[in-house]
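Keep in mind that this is a model prediction, so the values were computed, not measured. Excluded from the calculations below are hydrogen atoms, water molecules and symmetry mates; all remaining heavy atoms, backbone and side chain alike, are included. Protein chains get the first letters and strands the later ones, always in sequence-line order, with residue 1 at the start of each.
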Amino acid sequence: MTARVGIVGIGQIKFGNLSEYDLVDIMAYTATDALIDAGILENRRIIDQIFVANMLGGMINHQTGIASALVSRLDLEPTAAELVENGPASGASAVKLGYMAIASGIANVVMVVGGETMRKVTGWEATDCVATLGHPEAEYDMGLTFPALGGMFARLYMERYGVTERDLALVAVKDHENGSKNKYAHIDGTCTIEAIHDSPNAHVVNNYVAEPLRLFSVCPVSDGAAVLILVNMDSPIVEKFKKKPIRIAGIGSATDTHCMHNRKDPVEMGAVKLSAERAYAMAGVKPEDISFAELHDPFVILELAISEEVGLFPRGKAVEALRRGETGIDGRLPINTSGGLKAKGHPVGATGVSQVVELVRQLRGKAEKGRQVKDPRYGMSVNFGGLANNVITIICAKD
Amino acid sequence: MAIDALEMKLRPPEISLTPYPSKTITLANGKTMVVREAKREECGVLLGTVYPLLGVPTDYYDVVAARMFSELLAWFRYRIANEFVIVGAIDGVIAGIVTSRCVNDHLGMSLHTLAIDRGLRVGAQLFAAKMEHHMDYLNEDEVWIVAESPIGFRRWMIEYELEDRSSGFPNIRHELGGVPTYALTRKLWEKHKADKCTGTRPVPMDILATADRLKLPEEYPQIPGYKRSKQ
């Protein structure tokens, strides 16, 4: 029987424009917060292994070997350390590897760090860097960026399921409302449906980015870091931590075709569905057991689509739940309580880790006033790279 | 020579400018921004708004604030010709300021755009209002524009597809030093106006009244921790 793995420490820096700071410094600062949260700052050498998630350090920061640099910055040698690059899914991949390291018996205590500084370059350059995820000849060389892919996905999905631009705006309003109460979110302002959709000024205030996606349909370009401390819950070492562990109940991952145009149906995200099914099976739960979810929404349309793929709503019905307010904080199934990528921000390497930080915060009952889910039992995160070509679903439980 | 006569010799000749009609814009946070032409006697509150930003190097706020400060002062003291100032105010509090001037009947010279509120595209809206005044009310053929920050370059040069006139240097030279000169032509304005420029007119009197007396911002997102009342 493999060991149970729990999370006993979390850290997150407020996402935003941190371009004046060094990437490794941001990670180290956030890691220190997590060590303090776990109560092992002085005793941090009990960490056996560090996994660092980062996607663009080589391109944007002109820095490689970031995991090794971080170990030194934290004065943690000779702790084992590896860098994980799996596109925007790097964060959840690092969590998965941390889980595997403990479950396999290689480590008892693992630190998972996700960090990215994308604001050191312009938003357009950052978009270009992320676009390197695409197929070099069939996509990137054709000028196909991810907002462009997201726009095409949105158009098709909207036509098929009757989703309107107003619905996209409703997702943004909800996410910004949550983000405005999250002290770690990039965007701390709210928006109103009148202002970004209904007003005669809305077409300019909320201008098209990649039609039908508008400014308030896409995530900001963010810097940030998030950190988790994982522990073997079946080892006596768990007693060294002051916080009760939040258990990682299930992890599932899957891949899909590199190019969207090779999929049988471009709006079906098979890897999301499969990763969720695997995570549910491992956790021994069903979609109806999930109390809240953090879903990968660099484009708000994806919140709707993912929530259907993972079985939280029947296909094409998520929009009705949105309109009824079911996915708001006080709704039946709150989604993106952190503000999601849309409002919390999307520092790509940090995103998947920050989603799990949010799961832990909610399951501990320590989210800020106004965005705490009532009595949550299971939280789910979906983090992916590309347009759902590499997906990791994580389910955490409060035992 | 009498002092008044000397002063009149120092003042530039002025072209009488058509007034810019006020408008309102509903910003993303649902608040209403009144966009209107500032009056010369409001220079004090405008200068007071700009002043704290002189020490903010991030995003070139220091350069823009310093130059705008001088443009406002020169306008107040009649040392610059045909300048106009447009202000954006939310509940009367200044959210952004733009400065510009008319060179002649055909050419406008865009000076500076300063957004106090961030994340609401206040700067983009006020820049568009400035261009609207040049092109639609002053009926100029083109406006020369420079950018002093990467944000400005993206917002103006790239998004409006401005014509690069830098190859004409030194014969074509924006008044703000030798930085590359770009131009908004009427053709480009007509192409981008619908997507870039908005506003509701006429402004109801009660809403216009909220911006009658401009107020200094209490806080600046560019200066964490700053509170004017604590200075």
Approximate separation, where rounding is to 0.5 Å, of Thr198(B) OG1 and Asn207(A) CG: 11.5 Å
Enclosure of Asp206(B) CG (heavy-atom neighbours >12, cutoff 6.0 Å): yes
Residue Tyr208(A) versus chain B: region with a heavy atom under 4.5 Å: neither
Ile25(B) versus Val205(A), closest heavy-atom pair with distance: CG2-CG2, 3.9 Å
Reported OG1-to-CG distance for the pair Thr26(B) and Asn201(A), which is rounded to 0.5 angstrom: 4.5 Å
Lys31(B) atom NZ, neighbour heavy-atom count above 12 within 6.0 Å: no
Test item: Lys196(B) and Val204(A) side chains (from C-beta on) under 4.5 Å apart, heavy atoms: no
Over all atoms of both residues, closest heavy-atom pair of Thr200(B) and Pro200(A): OG1-CG, 4.2 Å
Exceeds 12 heavy-atom contacts within 6.0 angstrom, atom OH of Tyr137(B): yes
Side chain, backbone, both or neither of Thr122(A) within contact of chain B (heavy atoms, under 4.5 Å): both
Other residues, nucleotides, ligands: >12 heavy atoms within 6.0 Å of Tyr21(A) OH: no
Interatomic spacing from NE2 in His176(A) to CG in Asn29(B) - rounded to 0.5 Å: 11.5 Å
Considering all heavy atoms, the nearest Ala28(B)-Ala195(A) contact: O-CB, 3.3 Å
Arg213(B) atom CZ: more than 12 heavy-atom contacts under 6.0 Å: no
Interface moiety of Thr32(B) toward chain A, non-hydrogen atoms closer than 4.5 Å: neither
Contacting moiety of Asn206(A), where chain B heavy atoms sit under 4.5 Å: neither
Under 4.5 Å from any heavy atom of chain B - which part of Ile193(A): neither
Heavy-atom contact with chain A under 4.5 Å, split by part of Ala194(B): backbone
